[in-house]
Amino acid sequence: MTALTRISPDHHESIACAVPQEYLTFRVGAEEYGISILCVQEIRSYQAPLRMPGASAFSSGVLNLRGEIVPVVDLRVRFDTPQRFDAMTVTVVVNLVSGCTLGVVVDSVSDVLDLKVDNIRPAPALSGAVDSRHITGIASVQQDDQARTLVLLDIDQLIASAMTGLVP
């Protein structure tokens with residue numbers, strides 16, 4: 001699996017071949033995010049995980065995925081957005097660069113987008129629930145006469161951060 005390359009203003013043109021072209025897009029609250037499709041193993045309907053004693057607030061627990069025990073993180077808690085559970089709530093199973101498999105709970109999955117490098121801009125320096133080290137870029141796409149803006153996440157960096165309480 002190829003690690004994501006962060007887009008920087010100085011190297012925007014030179015890294016075009018290093019950036020994955022397809023992204024799984026999903027919603028957390030009112031915002032839309034994307035992760036490289038290369039790290040997605042599967043998308044599952046939401047199943048309540050088994051809570052683990054002493055786990056961080058971001059860790060929802062674990063799932064038994066065909067005999068493999070998989071930790072689950074709720075991005076809604078991580079991003080400080082309200083949790084709602086309905087038919088659209090899903091768990092995206094991702095394979096991290098470290099070799100760890102992880103479930104990520106999101107409000108809904110939108111689609112898979114083929115993004116051109118020209119549609120991706122560097123992330124601004126931010127503070128808050130998601131710091132800019134976890135963002136690979138901001139994508140703007142025009143689809144069906146609607147403009148969409150996506151925050152492209154480095155899921156490995158986001159999950160490996162100390163705030164999640166997981167050690168991949």
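Throughout, residue positions are numbered sequentially from 1 according to the sequence presented. Quick caveat, the model's predicted, so the values are computed rather than measured.
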- Query: Heavy-atom distance under 4.5 Å between the side chains of Y23 and V141, does that happen here?
  - Reply: no
- If only atom types and distance count, is the side chain of T136 paired as donor or acceptor with the main-chain N or O of D154 below 3.5 Å? no
- Item | Parallel, tilted or perpendicular: rings of F26 and Y33 (30°, 60°) | parallel
- Message: Could you see if V73 belongs to whatever hydrophobic cluster contains I135? Use Ile, Leu, Val, Met, Phe, Trp, Tyr and a side-chain cutoff under 4.5 Å.
- Response: yes
- Evaluate the side-chain proximity of E32 to S110: yes if any heavy-atom separation is below 4.5 Å, no if none is. yes
- How many angstroms lie between atom OG1 of T89 and atom CZ of R27, to the nearest 0.5 angstrom? 13.5 Å
- Does the side chain of I37 come within less than 4.5 Å of Q21's, by heavy atoms? no
- Task: Calculate, to the nearest 0.5 Å, the distance between atoms CG and CE belonging to D107 and M88 respectively.
- Result: 9.5 Å
- Under a 4.5 Å side-chain heavy-atom rule over Ile, Leu, Val, Met, Phe, Trp and Tyr, are Y46 and V93 clustered together? no
- Message: Run the side-chain contact (heavy atoms from CB on, under 4.5 Å) test on V40 and V112 for me, step by step, so that the C-alpha distance in whole Å, both residues' side-chain angles and the decisive distance to 0.1 Å come before the verdict.
- Response: CA-CA 11 Å; V40 176; V112 175; over 6 Å; no
- Message: Between V28 and R78, is the side-chain contact (heavy atoms from CB on, under 4.5 Å) condition met? List the steps.
- Response: CA-CA 10 Å; V28 175; R78 175 69 174 91; over 6 Å; no
- Separation between OG1 (T149) and CZ (R121), nearest 0.5 Å, reads 12.0 Å
- Message: Could you check whether any side-chain N or O of R84 sits under 3.5 Å from a backbone N or O of G29, counting only pairs where one atom can act as donor and the other as acceptor?
- Response: no
- Task: Verify, without hydrogens or angle tests, whether T25 (side chain) and G34 (backbone) share a donor-acceptor contact under 3.5 angstrom.
- Result: no
- Query: Is any side-chain heavy atom of L158 less than 4.5 Å from a side-chain heavy atom of L75?
  - Reply: yes
- Note, D114 side chain near E22 side chain (heavy atom, < 4.5 Å): yes
- Using atom types as modelled and distance alone, determine if a side-chain donor or acceptor of R44 lies under 3.5 Å from a backbone N or O of V90. no
- Looking at OG1 of T81 and CZ of R76, how far apart are the two atoms once the value is rounded to the nearest 0.5 Å? 7.0 Å
- Distance from I69 atom CD1 to M52 atom CE, nearest 0.5 Å? 9.0 Å
- Indicate yes or no: does K116 engage D118 in a salt bridge with an N to O separation below 4.0 Å. no
- Item | Closest contact, heavy atoms only, S59 versus R51 | O-NH1, 2.7 Å
- Are L102 and V92 joined in one hydrophobic group, where the rule is that I, L, V, M, F, W and Y side chains link up if heavy atoms are under 4.5 Å apart? yes
- Are P49 and V62 close enough that some pair of their side-chain heavy atoms sits under 4.5 Å apart? no
- Are I138 and L24 in one and the same hydrophobic cluster, where Ile, Leu, Val, Met, Phe, Trp and Tyr link if side-chain heavy atoms are under 4.5 Å apart? yes
- Message: Counting C-beta onward and ignoring hydrogens, is there a side-chain heavy-atom pair between D74 and V72 closer than 4.5 Å?
- Response: no
- Item | Same apolar cluster (I L V M F W Y, side chains within < 4.5 Å links), I159/L65 | no
- Query: So, for G103 and V70, which heavy atoms are closest and what is the spacing to 0.1 Å?
  - Reply: N-CG1, 3.5 Å
- Message: Does atom CD (Q146) have a neighbourhood of more than 12 heavy atoms from anything else shown, all under 6.0 Å?
- Response: no
- Query: Side chains of N95 and T101: donor-acceptor distance under 3.5 Å anywhere?
  - Reply: yes
- Any side-chain heavy-atom pair of Q143 and D111 under 4.5 Å: yes
